**Q** 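Here you go, one structure.
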Number of protein chains: 2
Amino acid sequence: MDTQSSRRQATRTKLYEAAVTLIAEQGFSATTVDEIAERAGVAKGTVYYNFKSKTELFEELLRHGVGLLTASLRAAADETAARGGTRVQALDAMIRAGLVFIDRYPAFTQLYVAELWRTNRAWQSTLLVVRQEAVAVVETVLREGVANGELSDEIDIPLTAAALVGMVLVAALDWQAFQRERSIDDVHAALSRLLHGRVSGR
Amino acid sequence: MDTQSSRRQATRTKLYEAAVTLIAEQGFSATTVDEIAERAGVAKGTVYYNFKSKTELFEELLRHGVGLLTASLRAAADETAARGGTRVQALDAMIRAGLVFIDRYPAFTQLYVAELWRTNRAWQSTLLVVRQEAVAVVETVLREGVANGELSDEIDIPLTAAALVGMVLVAALDWQAFQRERSIDDVHAALSRLLHGRVSGR
DNA sequence: TTCTTTGAACTGACCAGTCAGTGCAAAAAC
DNA sequence: GTTTTTGCACTGACTGGTCAGTTCAAAGAA
């Protein structure tokens, strides 16, 4: 990579980082381009030199962030498979990977959840694509688990995948927002227990 | 109730209904007071006659909506207890009640999830109170279940409650947004299966 | 020379909140 | 029974401010 494009890349990254926290805190519309530029330490003109519009900056942010998440989920699943682990172990590893991701990028997660179920917004189609990528990783592991008999063939794959993702997402955001004192291991243990059905019974 | 105050109440209700769908679709900042007034079929001045500000309208909306939700969850739990059901059955009934609520007020749920984990917003303290009310209902049932030996005493009550609420919330929103063809029974069955630990195994 | 960034000034659309005034139903006065 | 008054609910044009996006000359970097 030549120096110029890496210089540009550095500017873009600074803008992503500034935008993601501001938008997570305040929402898209309430965040001004002037604020983003100031937080990133660049001039306003630079924002428009690097991105077509505020909306485009946001859409690229979404793509970038979900790309990181799916890569991390897939890596967790693949690694478990490579070690000869079961599919349930793979799901457990993915829960862990999800928690680590949210711990590292809480602002992005917050913003993603806030936008995901909205309708009639400019970036709706971007989100749809990007969501499907993430959920598909979980669905694949569920499907494999059913195929090899490890999971009940009566489970509803798309709904169960959505529920699992939701469970992790909401538990993690709650942890970050309202229960900061808990460790990631506490949260992982609670979710793992639900996944393994070790909630009811003694 | 005299004609005047019932007239006022009707206007307020129209404003709630208009605001909830618009804000769910577009977010708080992107929704203008003019839009809300137009959708409600009243003049802009009427909004300010009935509410101190746009923010206050929104806060009252939040209180109103979460009030409905907690009432419905509590009713489900109480009814199960009255019929001599177990705590796990009560949790199951609450999942059902949550789904029914979301099915009936999808816009409100959307808006609640979008705002819940934001920080630095004017209505943050309102949300904190209102969230705690809702989660507390689930925590109570979990605590009772642990006390009578129905649930493992190793579960982490606050985290498990958050995870359960998240599971229902996200699965239901996903159902509404991306899997409309499924029936409420399908969704309930999938979530119930997770709650009962009937996912893994044959 | 070429690419990137700066920074400040500017435009025009948009929007929260205001306020002087209207309509109307019920109470008060006669 | 009719007229007058009261005050609540509502109206919509208007104001002051904000913000996305533009422009551009100049500077810095490679």
Side-chain angles (χ1 to χ4, degrees), chain A residues 1-62 111 115 120-123 126, chain B residues 1-62 111 115 118 120-124 126:
Chain A
M1 183 153 63
D2 67 65
T3 11
Q4 265 175 5
S5 74
S6 85
R7 186 178 163 209
R8 249 193 115 153
Q9 192 49 54
T11 305
R12 283 186 136 96
T13 303
K14 276 193 291 182
L15 285 169
Y16 282 154
E17 280 165 11
V20 80
T21 53
L22 286 167
I23 297 178
E25 279 168 13
Q26 308 176 323
F28 176 82
S29 305
T31 301
T32 69
V33 174
D34 289 282
E35 270 179 311
I36 296 172
E38 197 196 331
R39 168 87 63 111
V42 303
K44 187 179 184 178
T46 306
V47 176
Y48 285 93
Y49 183 76
N50 282 281
F51 297 95
K52 209 171 87 262
S53 66
K54 182 185 172 187
T55 302
E56 208 215 46
L57 163 58
F58 183 58
E59 284 192 84
E60 297 209 3
L61 193 59
L62 284 174
L111 161 171
E115 292 297 333
N120 302 343
R121 299 223 77 173
W123 47 81
T126 303
Chain B
M1 183 153 63
D2 66 68
T3 18
Q4 269 175 2
S5 75
S6 85
R7 185 179 167 200
R8 235 187 129 154
Q9 193 49 55
T11 305
R12 282 186 138 96
T13 304
K14 277 193 290 181
L15 284 170
Y16 283 153
E17 279 164 12
V20 79
T21 53
L22 286 167
I23 296 179
E25 279 168 12
Q26 306 176 324
F28 176 81
S29 305
T31 301
T32 69
V33 174
D34 287 281
E35 272 179 308
I36 296 172
E38 197 196 331
R39 169 88 62 112
V42 302
K44 187 179 190 176
T46 306
V47 176
Y48 288 92
Y49 182 75
N50 283 281
F51 298 95
K52 212 172 83 259
S53 65
K54 183 183 171 188
T55 301
E56 208 215 47
L57 163 57
F58 183 57
E59 286 190 86
E60 297 210 1
L61 195 57
L62 284 174
L111 163 170
E115 291 298 332
R118 288 216 200 292
N120 302 343
R121 300 224 79 174
W123 47 82
Q124 203 51 37
T126 302

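All of these numbers come straight from a predicted model, not from anything done at the bench. Just so we're on the same page: letters track the sequence lines, and every chain starts at 1. In what follows, every heavy atom counts, from backbone to side chain, and hydrogens, waters and symmetry copies are set aside.
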**Q** Report yes or no: does A:R121 contribute a side-chain atom to a donor-acceptor pair with the main-chain N or O of B:Q26 at less than 3.5 Å?
**A** yes
**Q** Looking at A:T32, I'd like to know whether one of its side-chain N or O atoms comes within less than 4.0 Å of OP1 or OP2 on D:dC19.
**A** no
**Q** About how many Å separate CD1 of B:I23 and NZ of B:K54, when rounded to the nearest 0.5 Å?
**A** 7.0 Å
**Q** How long is the straight-line distance from CD of A:E17 back to NZ of A:K14, given to the nearest 0.5 Å?
**A** 10.0 Å
**Q** Under 4.0 Å from OP1 or OP2 of D:dC10: is there any side-chain N or O of B:N50 that close?
**A** yes
**Q** Output the distance between atom CD (B:E60) and atom OG1 (B:T126), rounded to the nearest 0.5 Å.
**A** 9.5 Å
**Q** With a 4.0 Å heavy-atom cut-off, tell me which residues in residues 33-43 of chain B come close to DNA chain D, sorted by residue number.
**A** B:V42, B:A43
**Q** Would you check, one step at a time, whether the test side chain to side chain contact (heavy atoms under 4.5 Å, CB included) holds for B:T55 with B:F28?
**A** CA-CA 9 Å; B:T55 301; B:F28 176 81; 3.8 Å; yes
**Q** OP1, OP2 of C:dT4 versus side-chain N and O of A:Y49: anything below 4.0 Å?
**A** yes
**Q** Report for the helix from C:dT1-D:dA30 to C:dC30-D:dG1: angle between first-end and last-end helix axes, five pairs each, rounded to 10 degrees.
**A** 20°
**Q** Under 4.0 Å between a side-chain N/O of A:T46 and OP1 or OP2 of C:dT6, yes or no?
**A** yes
**Q** Within the structure shown, what part of the strands sits under 4.0 Å from A:T55 by heavy-atom distance: base, sugar-phosphate, or nothing?
**A** nothing
**Q** What is the distance from CD of B:E56 to P of C:dG17, rounded to the nearest Å?
**A** 11 Å
**Q** Looking at D:dG21, C:dT6, D:dC10, which one has an atom nearest to any side-chain atom of A:S53?
**A** D:dG21
**Q** Using 0.5 Å steps for rounding, measure from the NZ atom of B:K44 to the CD atom of B:E38.
**A** 12.0 Å
**Q** Would you compute the distance between atom CD1 of B:I36 and atom OG1 of B:T46 and round it to the nearest 0.5 angstrom?
**A** 13.0 Å
**Q** Starting at CZ of B:R12 and ending at C1' of D:dC10, how long is that distance when rounded to a whole Å?
**A** 14 Å
**Q** What do the steps show when you test B:L62 against B:E115 for side chain to side chain contact (heavy atoms under 4.5 Å, CB included), and what is the final call?
**A** CA-CA 10 Å; B:L62 284 174; B:E115 291 298 332; 5.7 Å; no
**Q** Picking from D:dT22, C:dT4, D:dT11, which would you name as closest to the side chain of A:R8?
**A** C:dT4
**Q** Tell me the interatomic distance from A:L57, atom CG, to D:dA20, atom C1', rounded to whole angstroms.
**A** 13 Å
**Q** Which part of the nucleic acid, if any, lies within contact of B:S29, taking any heavy atom under 4.0 Å across all strands shown: a base, the sugar-phosphate backbone alone, or nothing?
**A** nothing
**Q** Compare every heavy atom of A:E59 with every heavy atom of A:W123, then report the nearest pair and how far apart it is.
**A** CB-CG, 3.5 Å
**Q** How long is the line joining NZ of B:K52 and C1' of C:dT18, in whole Å?
**A** 16 Å
**Q** Which residue, B:K54 or B:G45, contacts DNA chain C at a nucleotide closer to its 5' end, judged by nearest heavy atom?
**A** B:K54
**Q** Report the distance from atom OH of B:Y48 to atom P of D:dA9, rounded to the nearest whole Å.
**A** 19 Å
**Q** Is any N or O donor-acceptor pair between the side chain of A:K44 and the base of C:dA8 shorter than 3.5 Å?
**A** no
**Q** Tell me whether B:Q124 contacts the main-chain N or O of B:R118 through its side chain, where contact means a donor paired with an acceptor under 3.5 Å.
**A** yes
**Q** Let me know the distance between CZ of B:F51 and P of C:dT18, rounded to the nearest Å.
**A** 16 Å
